[in-house]
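As the structure is a prediction and not an experimental result, all values here were calculated from the model. Order of appearance sets the numbers: ligands from 1, and atoms from 1 within every ligand.
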Amino acid sequence: MYDVAVIGAGPGGYVAAIRCAQLGLRTICIDDREKDGKAALGGTCLNVGCIPSKALLESSEHFEKAKLDFALHGISTGEMSIDLAVMQKRKQQIVDAHTSGIAFLFRKNGVESMLGRARIASAGESCSIEVSGKRIETAHVIIATGSSPRTIEGIPFGEKIVDSTGALAFRAIPEKLGIVGAGVIGLELGSIWRRLGSDVTLFDALPDFLPLADQSISKEALRIFRKQSGWRIRLGTRLISAEEHEDGVAVKFEENGKAVEEKFERLIVAVGRTPNSQDIAHPSLNLDIDERGFIAVDERCKTSLKNVYAIGDVAGGAMLAHKASEEGVMVAESIAGSKPVHDASLVPNVIYTDPEIAWVGKTESQLRKEGIEYRIGQFPFSANGRARVIGSAQGFVKMLAEADTDRLLGVHIIGPQASELISEAVLSLAFSASSEDIGCTIHAHPTLSEALREAALAVTARALHI
Ligand code: FAD
Ligand code: NAI
């Protein structure tokens, strides 16, 4: 009999399992992704998501920098070439090192790992799970089964029409690449192949670009991306059909009321992800699942079944690795008897484009909708010494503070290292800091973080370098 059985070993499940074991609970973690006859740990994030995409983004950034920027430093390289097999091998080595690192952490903390597809057979004071013909008895279950790429009806994935997993494994650089969906995956994978030389076209059904980001950030991002060579972003474009042929993919879409046809060597479909909730519990248990397939949970991630929790992508909310992990820790600690809380409003978002985009808290349009009075402080990276030194001075930091109290309500960044800079903003929001608090804090010079301090000072018109 286990104290906890975790289904899924992604960043939600494996972190939950480690924390449960650290708290003295007898824990097993089951995953159906196989490698060398064992469960391949790490889920989407480590195997086919965050880590491999960032590995290829890094490699492609080196190539683009060498091609476009080295000459500015007086460095000449001569003719450059790409060995994609080497690049892919490096990516795989990083993935393998990470997944075996989790196996090490499981052993160190005493988490049992099991390969197989799990289904909850009964729930209550004690629960049971079926895994490939075996039964596991446990006091608690944590469902962390994640999500899978969404398909468009009538457009199946194949050799040339691929999802994000296929697009991370290309063995040749496509000359002409189409991407359906100008969301996070479309932009990140598009960046990789554009930098490596593909001519990329992104289609999105919506007329607005990155609608979840603050409007001024989306506008600036679109302006910058549209100036970068190698890609086109076509918004308000409705896909009609896509067919694989021997020489590529024929795509039909509607743009400005007209039907247009174009051919691509490869087509990536990145139109969101669907939760892996099908057949996760025996139908007689009536696990509450909403109309979009997300398992219904309360603020402590409890499902409609006694002693069964759901976390991460399958439980709705932001589909992000750090959100899944945070929920995993919260559930482990609440099973062990404490009452932790997880504030979903403090989950940072990052898009790893060039420049990077990151934000936490509320956007201007959310504040307007909620009738909250606010002040804005904005500071451009063009006025930041470090940004100029590294040759990446596009974008800005924007802070939104409550008008009456000066409490920070949202921080939005487009610019170099936004992914790293956002942590200071998350910490500030978590501790209810005011713009004055950040303005009073010494930031080392010359650093990109000085742009945050300047944006904070700008809230009360005290910025020093604009
Ligand atoms: P998952 O990581 O999906 O893990 C679930 C696991 O459960 C899988 O291994 C699955 O095989 C297994 N499973 C499913 N059903 C069963 C079953 N019945 N029995 C046993 N096992 C089962 N997020 C970020 O925060 N930052 C990023 O940079 C980022 N980049 C991404 C890039 C790409 C290309 C993609 C696709 C996603 C990216 N994400 C990123 C999103 C991130 O990967 C997910 O939010 C995260 O992996 C969700 O974690 P999870 O634990 O909920 O589920
Ligand atoms: P997304 O929701 O970010 O973007 C999907 C896009 O596809 C939207 O802009 C939508 O308008 C468009 N779309 C939907 N149906 C369409 C259709 N039929 N025709 C044309 N366009 C259509 O989803 P995406 O990019 O697939 O990513 C899935 C999830 O993975 C995201 O929610 C994100 O949280 C996570 N992720 C996070 C990353 C990060 O944190 N850096 C990186 C990659 C993924």
note = Judged by heavy atoms only, the candidate from Ile30, Val15, Asp32, Asn349 nearest atom 10 (C) of ligand 1 is Asp32
request  = Take Ser277 and Thr145 through the test side-chain contact (heavy atoms from CB on, under 4.5 Å) and record every step on the way to the result.
outcome  = CA-CA 7 Å; Ser277 57; Thr145 47; 5.7 Å; no
ask   = Which protein non-hydrogen atom lies closest to atom 29 (C) of ligand 1, naming both residue and atom, and how far is it?
value = Cys50 SG, 3.2 Å
query = Any non-hydrogen atom of Pro149 lying under 4.0 Å from ligand 1?
reply = no
query = Considering distance alone, does some N or O of Gly8 sit under 3.5 Å from an N or O of ligand 1?
reply = no
key: For Lys54, the ligand 1 atoms whose distance to one of its heavy atoms is below 4.0 Å   = 27 (C), 28 (O), 29 (C), 30 (N)
ask   = For ligand 1, does Ala40 get within less than 4.0 Å through its side chain, its backbone, both, or neither, judged by non-hydrogen atoms?
value = neither
message = Within ligand 1, which atoms have a heavy atom of Gly10 less than 4.0 Å away?
response = 2 (O), 4 (O), 51 (O)
key: Close N or O approach (Val48, ligand 1; < 3.5 Å)   = no
query = Does any non-hydrogen side-chain atom of Leu448 lie less than 4.5 Å from one of Ile390?
reply = yes
ask   = Side chains of Ser147 and Asp313: donor-acceptor distance under 3.5 Å anywhere?
value = yes
message = Less than 4.0 Å is my threshold; does some heavy atom of Arg273 fall inside it relative to ligand 1?
response = yes
task = Considering non-hydrogen atoms only, spot the tightest contact between Ala16 and Ile142 and give its length.
result = CB-CD1, 4.1 Å
message = Quick one, Trp231 and Ser191 - any side-chain contact, counting heavy atoms below 4.5 Å?
response = yes
Heavy-atom nearest neighbour in the protein, as seen from atom 8 (C) of ligand 1, with distance rounded to 0.1 Å = Asp31 OD2, 3.5 Å
Side-chain heavy atoms of Pro340 within contact of Arg300, under 4.5 Å = yes
ask   = Between the candidates Thr44, Ile7, Asp313, which shows the shortest non-hydrogen contact distance to atom 44 (C) of ligand 1?
value = Asp313
task = Before accepting this row, confirm whether a basic side-chain N of the pair Lys323/Glu326 lies closer than 4.0 Å to the acidic partner's carboxylate O.
result = no
message = Looking only at distances, can you tell me whether any N or O atom of Ile311, backbone or side chain, sits closer than 3.5 Å to an N or O atom of ligand 1?
response = no
remark   = among protein heavy atoms, the one nearest atom 53 (O) of ligand 1 is Gly146 CA, 3.1 Å
task = Consider every N or O of Leu320 and every N or O of ligand 1, then say whether any pair is closer than 3.5 Å.
result = yes
ask   = Has Tyr14 got any heavy atom lying under 4.0 angstrom from an atom of ligand 1?
value = no
message = Suppose we measure from atom 19 (N) of ligand 1 to each protein heavy atom; which comes out shortest, and what is that distance?
response = Ala118 N, 2.9 Å
message = I'd like to know whether Ile414 forms a side-chain contact (heavy atoms from CB on, under 4.5 Å) with Phe396, so could you lay out the CA-CA distance, the side-chain angles of the two residues, the decisive distance to 0.1 Å, and finally the verdict.
response = CA-CA 6 Å; Ile414 175 165; Phe396 54 83; 4.1 Å; yes
task = Look at Lys54 together with Glu188 and state whether they make a salt bridge at an N to O cut-off of under 4.0 Å.
result = yes
key: Per-atom contacts, ligand 1 versus Ser147 - under 4.0 Å to a heavy atom   = 3 (O)
request  = State, yes or no, whether a side-chain contact exists between Ile280 and Val314 at a heavy-atom distance under 4.5 Å.
outcome  = no
query = Between Trp193 and Phe170, how do the two ring planes meet: parallel, tilted or perpendicular, split at 30° and 60°?
reply = tilted
Region of Ile185 engaging ligand 1 - heavy atom pairs below 4.0 Å = side chain
query = Are Arg234 and Glu262 within salt-bridge range, i.e. N to O under 4.0 Å?
reply = yes
message = Using modelled atom types and a 3.5 Å cut-off, is there a donor and acceptor pairing between side-chain atoms of Thr363 and backbone atoms of Gln366?
response = yes
ask   = For Ser164, is at least one N or O under 3.5 Å away from an N or O on ligand 1?
value = no
request  = Compile the protein residues with any heavy atom at a distance under 4.0 Å from an atom of ligand 2; present them by chain, then by number.
outcome  = Arg150, Ile152, Val180, Gly181, Gly183, Val184, Ile185, Glu188, Asp204, Ala205, Leu206, Ala270, Val271, Gly272, Arg273, Met319, Leu320, Val350, Tyr352
key: Mode of Pro11 contact toward ligand 1 - side chain, backbone, both, neither (heavy atoms, under 4.0 Å)   = both
query = Relative to each other, are the rings of His140 and Tyr309 parallel, tilted or perpendicular (30° and 60° limits)?
reply = tilted
ask   = Side chains of Leu41 and Leu46: does their closest heavy-atom pair fall under 4.5 Å?
value = no
ask   = So is Lys323 close enough to ligand 1, meaning a heavy atom under 4.0 angstrom away?
value = no
Asn276 N/O under 3.5 Å from ligand 1 N/O = no
query = What are the atoms of ligand 1, with element, lying closer than 4.0 Å to any heavy atom of Cys45?
reply = 2 (O), 43 (O), 47 (O)
query = Which distance, rounded to the nearest 0.5 Å, do you find between the OG of Ser60 and the CD1 of Ile192?
reply = 5.5 Å
query = Which of the numbered atoms in ligand 1 are below 4.0 angstrom from a heavy atom of His322?
reply = 25 (O)
key: Shortest non-hydrogen contact from Glu159 toward Arg266   = O-NE, 3.9 Å
remark   = Per-atom filter on ligand 1: closer than 4.0 angstrom to a heavy atom of Ser53 are 32 (C)
Shortest heavy-atom approach to atom 5 (C) of ligand 1 - which of Ala144, Gly12, Ser277, Pro275 = Ala144
